[in-house]
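Quick note on labels: first sequence line is chain A, next is B, and so on, each numbered from 1.
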Amino acid sequence: MTRTPDDLDMLEDVFAAARRAPPEPGADLLARIEADALWLQAGAARPSPRLLPAIAGWRAALAEAVGGWPALTGLAAAALAGVWIGISAPAGLAGLAQAMLGTPDAVYLVDLDPAVTFEIAEGGG
Amino acid sequence: MRGGAPLLSRHAPATLWGLGAAARVFRKERVRPLTMVMAFDDPTDMPDEALLVLYANGDAGAARALTARLAPRVMAHAGRLLGSRAEAEEVTQEAMLRLWRIAPRWRPGEAKLSTWLYRVTANLCTDRLRRARGVALEALPEPADGAAGPAAGLQDKARAGALHAALARLSARQRQAVVLRHLDELANPEIAAIMEISVEAVESLIARGKRALAADLSARRMELGYTDDTDT
């Protein structure tokens, strides 16, 4: 079947008509697409899911706030170290504790010459 | 901008440009002139790729602008490849979903966003056609919510419907090439990039496709309002 110039001219005209009447998305489709975009955008801001199963309750929330179970382990270690230092204190620390907290007539450090605080810490009078 | 914040100081665009420029220099990209920053106030002037970067950085307005700009083009393309409005809507939503997902990884300057989107759309349509094993032969039905453009008269719609029916009888590759060229109005090099073939192959597909369409439609020329005088 040979094509004629008339047929191709008509085809060009039909193309033009089809360009003026494209299939268009309805408002509900546009809303769904936008909802997908915003949902994924919010998802990117959420923390990524953990490999361990979530434990419901305040303990899990506390653990997550601190930064996870490994961080809690570190916190526990630091707490234990603090208790150990308090129980079996190194020598200098006893004097500092005495000076800061033990004396009945407490000296308000803020009223003194700034240099005095260093002398108290060193164990001097 | 984020949340429609009205209280940006007038120094904010310059600061943002400075930070952006520093980031681009660090990534060894071309630093854009300050005039590009003024487009922050009018997202309609920004290129698609820039809007996508904004979207990936959390800008909700960019999501709206991209949807308004790109969804109609995807819908039109999918509708013409599939011949079914319902299928085209599903493909459109899926193609845009893939765009949202790839946004954080999009590297400006590597590929044109529209090229990528046309390719994704066509692949999704091909998958659907393979599963359905054929294209619906009836013309694309009228949009339910009257979404046709104001310039589309009744005769335009009838002619578009006839064209869709004729397109359905082409091979998938001829149909894609003809639609990209004469309905999406892309240049042959971009069509070649989308279809991942040579420009010569594109021209051949288009020529063969148009011959088949012209022959198909000539049988309906009276019905479509064309006389033998070609006075239209």
Side-chain angles (χ1 to χ4, degrees), chain A residues 1-56 58 60-72, chain B residues 55-56 58-60 62-64 66-68 71-76 78-80 85 88-89 92-93 96-97 99-101 103-104 140 143-145 147-149 151-153 155-164 166 178 182-183 185 210-211 213-215 217-218 221 224 226 228 230 232:
Chain A
M1 190 173 299
T2 52
R3 69 190 185 282
T4 67
D6 290 348
D7 285 343
L8 286 180
D9 284 345
M10 177 191 67
L11 183 60
E12 293 301 324
D13 202 67
V14 170
F15 281 147
R19 285 195 293 269
R20 288 190 296 268
E24 290 193 3
D28 57 338
L29 174 62
L30 292 175
R32 287 200 301 273
I33 291 170
E34 215 177 287
D36 285 343
L38 297 175
W39 185 84
L40 279 174
Q41 210 173 42
R46 287 196 296 265
S48 53
R50 302 189 182 284
L51 293 173
L52 295 173
I55 306 165
W58 59 271
L62 183 64
E64 196 170 326
V66 168
W69 294 108
L72 269 184
Chain B
Y55 164 77
D59 190 327
R64 275 189 288 279
L66 278 170
T67 301
R73 281 162 60 183
V74 175
M75 177 71 189
R80 287 150 175 167
R85 184 172 179 80
E89 287 198 345
T92 301
Q93 188 171 2
M96 294 300 287
L97 191 61
L99 178 67
W100 307 137
R101 286 211 178 101
L140 204 66
D145 27 329
Q155 193 175 60
D156 282 347
K157 288 182 197 169
R159 288 173 177 177
L163 180 65
H164 290 135
V178 169
H182 289 285
L183 298 180
E185 297 188 280
K210 284 174 72 174
R211 276 201 295 272
L213 287 173
L217 288 170
S218 71
R221 65 171 27 240
L224 294 176
Y226 294 102
D228 288 332
T230 64
T232 45

* Structure fact -> Applying salt bridge (Lys or Arg N to Asp or Glu O under 4.0 Å) to Arg32(A) and not counting sequence neighbours gives Asp28(A), Glu89(B)
* Side chain, backbone, both or neither: which part of Arg73(B) has an atom under 4.5 Å from a heavy atom of chain A? -> neither
* Contact part of Gln155(B) toward chain A, heavy-atom cut-off under 4.5 Å: side chain, backbone, both or neither? -> neither
* To do: Please name all residues satisfying side-chain contact (heavy atoms from CB on, under 4.5 Å) with Glu12(A), sequence neighbours left out, ordered by chain then number.
  => Phe15(A), His182(B), Lys210(B)
* Asked: When heavy-atom pairs shorter than 4.5 Å are enumerated against chain A, which of Ala103(B), Ala71(B), Pro72(B) gives the highest number?
  -> Pro72(B)
* Checking heavy atoms, do the side chain of Leu29(A), its backbone, both or neither come under 4.5 Å from chain B? -> side chain
* Flag the pair Val74(B) / Met96(B) as yes when at least one side-chain heavy-atom distance between them is below 4.5 Å, and no otherwise. => yes
* Asked: Considering only heavy atoms from C-beta outward, does the side chain of Trp39(A) approach that of Leu97(B) to under 4.5 Å?
  -> no
